Amino acid sequence: MAFSSSSNPEELTFPEGFGWGASTAAYQVEGGWDADGKGPNVWDTFTHQGGDRVFRNQTADVACGSYTLWEEDLKCIKQLGLTHYRFSLSWSRLLPDGTTGFINQKGNCFLKIEGIDYYNKMIDDLLANGVIPIVTLYHFDLPQHLEDQGGWKTGAIVEVFDAYAQFCFGTFGDRVKLWITINEPNVLAVLAYEKGLFPPGVPNLGTGAYQTAHNMIKAHAKAWHSYDSLFRKKQNGQVSIALFSPWVEPSNPTSIADQEAAKRVMTMALDSFAKPIFIDGDYPAELKSRVAAMSKKQGYPSSRLPEFTEEEKKMIKGSADFFVIHYYTSALAQHQENSGGELNILKDIEVEIFPDPSWQVSHPGSWVRVVPWGLRKLLKYIKDTYNNPVIYITENGFPQGDPAPLDDTRRWEYFRQTIQELYKAIHLDKVNLQLYCVWSLLDNFEWTEGYSFKFGLYQVDFENPALPRVPYKSAMEYAKVIQNNGIKGSL
Ligand code: BGC
């Protein structure tokens, strides 16, 4: 089709075979928190402790009930016509204490069978309906037993995660060909282990995020190598890690200091994970020198950012088969000299970030500012920084508040504009984007926001014990996009 600047909408058709999906995560939708021998995870513990850390002390004990209502989810997936469905495995549903000890133990195998069968059925049903499963091994729900042993703070978890990954590849990999090891280690490290907002709920300012991210990167790389050496030949699948990133612009576009500050946020948020994995096995030099200098100034004997050994660098470099990005919103950055006080990672890079006040919020009280064009810029950044990789977007979404209208016209306008930006990224910027997934299939348990943020394409009535799923207008519109492999729009 011809590109024109006219505002008359035209058919923007995506490349043949482009993937259209939706995503969920085990803890956010499954419920059945202690069903059939499932072990507790850190979110079970955290929500059961109360303490007003989660909206109205809500829990995901029941959530969307997907553990028993999978058939209902499948109906939604079929109604949308998704080509891909991304979900995560509940680690402690498969391995109640997080280790492979149980499944190796004869006579105790009833514990494994229930969890395995649940996911087997999901995978088989998806494939029978022509839907490709994308499976995340770990989406924030660490088995409590592992947390009790130090969790991501200890190096020992690298081996434990690898054993779990091998167990999953071996059990499901005959049918699952797209794997994501860890969901958003960059978000988890900060929210859980730096700020203590997510379980285990203990802040470790200045050190927690670096320490745990370091172990997550190693765990991912080790699992990728296990797949590569033990499973790839036979199973012929691909493995990656999902990274979250905002798009960041300088607050004052003509200020060199702000331009550099914006770059530093991208370095911290995205490159500190993507560079080791996709380029050379190591953290960005600027990050290393800044954290080292700041740590020295603060009297630490060594940098608060741990170092990879040469052997680890070799293991980490090149340990992903495609690039997975999650995008929700954008921010502005300003240089801000570190004048002491509380430690945090933005202070380490001497930046302050905030939204442009002209960007609308998705709903009052939401952290999501509506910036569809930020995604195109982010995709171009990934293309230019990481040698034009194959990119999958496995999360992008727009929350509504409670109550959320079924006629979510404003939200669909966000998705429509976003899809239009994706089209531009592919056709004008030549980005190798091959898949887009909406977060989320269903309204679900939105972590510390409980059920007050509604990200679903389908509304779930949490007051009704049957937990009925009803499509928002966005679901109907998205189904049309999928059917046409494109959208009406203008460039
Ligand atoms: C997470 C999801 C979450 C979504 C919306 C992502 O960071 O992977 O679990 O629900 O953002 O906040």
Side-chain angles (χ1 to χ4, degrees), residues 21-31 41-43 46-47 54-55 58-60 63-64 66 85-91 134-142 180-195 197-199 209 213 216 220 240-247 269-270 273 324-331 355 361-363 365-371 374-375 378 392-402 404 411 414-415 418 435-460 462 474:
S23 300
T24 56
Y27 184 72
Q28 293 178 274
V29 300
E30 283 181 3
N41 63 45
V42 291
W43 274 94
F46 190 71
T47 54
V54 172
F55 179 78
Q58 290 169 337
T59 77
C64 308
S66 293
Y85 179 57
R86 170 179 175 246
F87 63 96
S88 79
L89 305 175
S90 162
W91 188 341
I134 306 177
V135 176
T136 308
L137 296 177
Y138 165 59
H139 194 126
F140 298 174
D141 51 353
L142 192 70
I180 292 172
T181 53
I182 302 180
N183 180 69
E184 301 181 356
N186 46 353
V187 169
L188 184 63
V190 173
L191 294 185
Y193 299 100
E194 177 86 11
K195 299 189 175 172
L197 297 173
F198 280 16
M216 288 185 218
H220 156 78
S240 190
I241 182 166
L243 301 176
F244 169 101
S245 185
W247 173 248
L270 184 61
F273 291 79
V324 182
I325 193 73
H326 293 172
Y327 172 80
Y328 286 88
T329 197
S330 290
V361 282
S362 62
H363 66 277
S366 167
W367 54 272
V368 176
R369 298 273 172 163
V370 184
V371 195
L375 179 52
L378 177 61
Y392 286 2
I393 297 169
T394 61
E395 283 188 32
N396 167 249
F398 179 116
Q400 301 192 87
D402 193 9
R411 190 162 73 127
Y414 167 79
F415 282 121
T418 299
L435 169 84
Y436 170 74
C437 294
V438 170
W439 180 269
S440 174
L441 180 70
L442 307 172
D443 283 345
N444 61 44
F445 179 80
E446 176 51 24
W447 309 117
T448 50
E449 312 290 353
Y451 299 97
S452 67
F453 273 50
K454 314 279 185 188
F455 272 100
L457 289 167
Y458 284 76
Q459 185 182 70
V460 178
F462 295 102
S474 285

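Predicted, not measured: the structure shown is a model, and the values here were computed from it. In listed order, ligands and their atoms are each counted from 1.
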Student: With sequence neighbours left out, write down each residue that passes side chain to side chain donor-acceptor pair (under 3.5 Å) with Ser240, or none if nothing qualifies.
Tutor: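 With sequence neighbours excluded, Ser240 shows a side chain to side chain donor-acceptor pair (under 3.5 Å) to no residue whatsoever.
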
Student: Where is the tightest heavy-atom contact between Asn186 and Val190, given as atom of each residue plus distance?
Tutor: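 So the minimum-distance heavy-atom pair works out to O-CG2, 3.5 Å.
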
Student: Sequence neighbours left out, what passes ring-ring contact (aromatic ring centres under 6.0 Å, His included) with Tyr327? Give chain and number order.
Tutor: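 Here no residue qualifies.
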
Student: Who pairs with Tyr392 by ring-ring contact (aromatic ring centres under 6.0 Å, His included), at least two apart in sequence or on another chain?
Tutor: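 ring-ring contact (aromatic ring centres under 6.0 Å, His included) check on Tyr392 returns Phe322.
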
Student: Is there side-chain contact between Arg86 and Ile180, with heavy atoms separated by less than 4.5 Å?
Tutor: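 Heavy-atom side-chain distance check passes, below 4.5 Å.
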
Student: State, yes or no, whether a side-chain contact exists between Tyr85 and Leu441 at a heavy-atom distance under 4.5 Å.
Tutor: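 Contact flag for Tyr85/Leu441 side chains = yes.
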
Student: I'd like the contact residues of ligand 1, where contact means a heavy atom below 4.0 Å.
Tutor: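 Lining ligand 1: Gln28, His139, Asn183, Glu184, Tyr328, Trp367, Glu395, Trp439, Glu446, Trp447, Phe455.
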
